[in-house]
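Report on one structure; see the data block that follows.
Being a predicted model, the structure only gives us computed values, none of them experimental. In what follows, residues are counted from 1 in the order of the sequence shown.
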Amino acid sequence: MSILASIANSLGELVAPTRCAGCERQGVLFCRDCLYQLSRNYAPEQACSRCAGPFGALACTECWEISYNFKRVLALGVLDGSLARAIVLYKDSNERRLADMLGSILGAHIHECWNTWGDAVCWIPATTEALHRRGFDHGQLLGTHVAQRLTLPAVQLLERPQTRRDQRKLNRGQRLMGEQRFHCRRNLGVVPEKILLIDDVFTTGGTAQAATKALLEAGVQTVRLAVLGRAW
């Protein structure tokens with residue numbers, strides 16, 4: 001099977017060669033220049049710890065009137081350039097190989113900033129509409145790879161009510177006012193005290209707020225959020 005898989009991969013590269021998710025350079029999934037760009041467009045030590053807003057470490061105008069249930073937020077970078085293109089390619093063009101790479105990079109970033117914090121990793125589950133459109137849960141795949149990088153358990157705690165509404169169609173007010181709903185799975189057994197919640201993008205925080213509310217109601221003590229991109 002490994003020989004057949006190798007042959008299939010080789011034929012696949014001939015027909016549709018791998019290109020960089022950030023700049024479309026042929027040969028690699030994410031080139032060194034685009035990886036370097038991720039570390040240049042965002043400084044975690046200068047960002048707001050409550051909403052990951054760039055340059056909000058001392059005084060953040062993005063979240064000063066908002067009370068979040070999650071304690072801290074960490075972002076890999078600003079949702080722009082190569083990172084934004086990679087996220088779109090991963091989610092909407094079925095480039096699932098990026099889950100491994102992006103999850104590993106985000107996991108390493110979390111470890112660098114927060115060390116070994118957390119008892120388990122869970123993720124924001126995709127909407128029913130997104131599952132039908134994409135054919136996979138991008139949040140689960142990303143969260144699993146982050147957990148592997150951090151050597152933490154990956155636990156599927158959250159579920160969404162059955163709905164086909166895409167959260168991207170919600171405006172800022174609807175997101176912040178709790179138009180989204182989550183609940184925790186039944187028969188969870190022992191609930192981890194400290195949860196590292198993973199999502200792809202932080203825009204207003206409404207999604208993470210709703211998810212964190214469900215986690216706290218289920219018995220989780222503290223939630224921190226880590227995302228790939230911070231919309232800005």
Side-chain angles (χ1 to χ4, degrees), residues 38-81 83-84 86-88 91 102 105-107 109-115 117-119 121-127 138-139 142-143 146 150 157-158 160 165-184 192-218 220-232:
L38 294 182
S39 64
R40 296 288 295 176
N41 75 345
Y42 188 80
E45 66 276 6
Q46 297 177 6
C48 173
S49 63
R50 295 181 65 248
C51 76
F55 312 110
L58 295 179
C60 183
T61 58
E62 286 285 295
C63 67
W64 67 279
E65 291 184 321
I66 305 172
S67 296
Y68 291 123
N69 291 325
F70 44 85
K71 295 300 182 182
R72 301 186 69 180
V73 182
L74 182 66
L76 183 61
V78 172
L79 188 64
D80 192 16
L83 179 59
I87 293 173
V88 171
K91 293 171 60 177
L102 293 173
I105 295 172
L106 180 58
H109 185 56
I110 294 168
H111 181 73
E112 180 181 356
C113 296
W114 290 345
N115 201 2
W117 188 92
D119 297 322
V121 173
C122 79
W123 51 88
I124 303 288
T127 63
H138 67 281
L142 178 65
V146 170
L150 294 172
L157 298 177
L158 294 166
R160 289 181 185 262
R165 191 177 189 187
D166 190 344
Q167 66 169 334
R168 291 179 296 185
K169 297 177 182 178
L170 301 178
N171 60 37
R172 180 181 178 88
Q174 289 172 322
R175 292 186 181 211
L176 287 174
M177 291 301 292
E179 288 285 326
Q180 301 174 75
R181 296 288 185 269
F182 295 89
H183 58 261
C184 282
E193 290 188 2
K194 297 186 293 184
I195 287 293
L196 178 60
L197 183 61
I198 302 299
D199 200 6
D200 57 338
V201 174
F202 185 107
T203 304
T204 65
T207 302
Q209 180 81 329
T212 301
K213 182 177 183 292
L215 290 171
L216 296 177
E217 289 175 349
V220 174
Q221 298 300 307
T222 309
V223 177
R224 289 188 183 184
L225 173 68
V227 301
L228 293 172
R230 175 59 160 91
W232 185 248

One should read off an interatomic distance between L76 CG and L83 CG, to the nearest 0.5 angstrom, of 5.5 Å

- Do R230 and C51 come close enough that some side-chain heavy atom pair is under 4.5 Å? yes

Looking only at heavy atoms, the pair that brings A75 and A52 closest together is CB-CB, 4.0 Å

Of all heavy-atom pairs linking G143 and V121, the shortest is O-CG1, 3.7 Å

- Any side-chain heavy-atom pair from W117 and T222 closer than 4.5 angstrom? yes

Tightest non-hydrogen contact, residues V78 and W232, listed as CG1-CB, 4.1 Å

### Contact check, side chains of P44 and E112, non-hydrogen atoms, under 4.5 Å
no

**OP:** Report the C-alpha distance between V146 and W123 in whole Å, list the side-chain angles of each, state the deciding distance to 0.1 Å, and finish with yes or no for side-chain contact (heavy atoms from CB on, under 4.5 Å).
**Re:** CA-CA 10 Å; V146 170; W123 51 88; over 6 Å; no

Considering only heavy atoms from C-beta outward, does the side chain of T127 approach that of R160 to under 4.5 Å? yes

Is a donor on one side and an acceptor on the other found under 3.5 Å between the side chain of Q209 and the backbone of S67? yes

Taken to the nearest 0.5 Å, the spacing of I198 CD1 from C122 SG works out to 8.5 Å

Taking every heavy atom of L150 against every heavy atom of G107, the minimum-distance pair comes out as CD2-O, 3.2 Å

Closest heavy-atom pair, G229 versus I87, reported as atoms and distance to 0.1 Å, is N-CD1, 4.2 Å

(Q) Within the structure provided, determine whether T207 and F182 are in side-chain contact (heavy-atom separation under 4.5 Å). (A) yes

Only residue of V73, T212, V227 satisfying side chain to side chain contact (heavy atoms under 4.5 Å, CB included) with L197 is T212

A211 and I124 have their tightest heavy-atom pair at CB-CD1, 3.4 Å

With side-chain contact (heavy atoms from CB on, under 4.5 Å) as the criterion, how do L157 and L215 come out once you've worked through the C-alpha distance, each side chain's angles and the decisive distance to 0.1 Å?
CA-CA 8 Å; L157 298 177; L215 290 171; 3.7 Å; yes

- Query: Would one find more than 12 heavy atoms of other residues, nucleotides or ligands at under 6.0 Å from atom NZ of K213?
  - Reply: no

One should read off an interatomic distance between C60 SG and E65 CD, to the nearest 0.5 angstrom, of 11.5 Å

I'd like to know whether CD of Q46 has more than 12 heavy-atom contacts from other residues, nucleotides or ligands below 6.0 angstrom.
yes

CD1 of I195 to CD of Q221, rounded to nearest 0.5 Å, is 11.0 Å

Discussion item. So L225 and Y68, do their side chains get closer than 4.5 Å, heavy atoms only?
Written reply: no

query: Is the backbone N or O of L74 less than 3.5 Å from a side-chain atom of R224, with the two atoms forming a donor-acceptor pair by type?
result: no

- [ ] With side-chain contact (heavy atoms from CB on, under 4.5 Å) as the test, would you mind laying out the steps for L158 and C184 before giving the verdict?
- [x] CA-CA 5 Å; L158 294 166; C184 282; 4.1 Å; yes

In this structure, CG of L142 is separated from CG of L228 (nearest 0.5 Å) by 5.0 Å

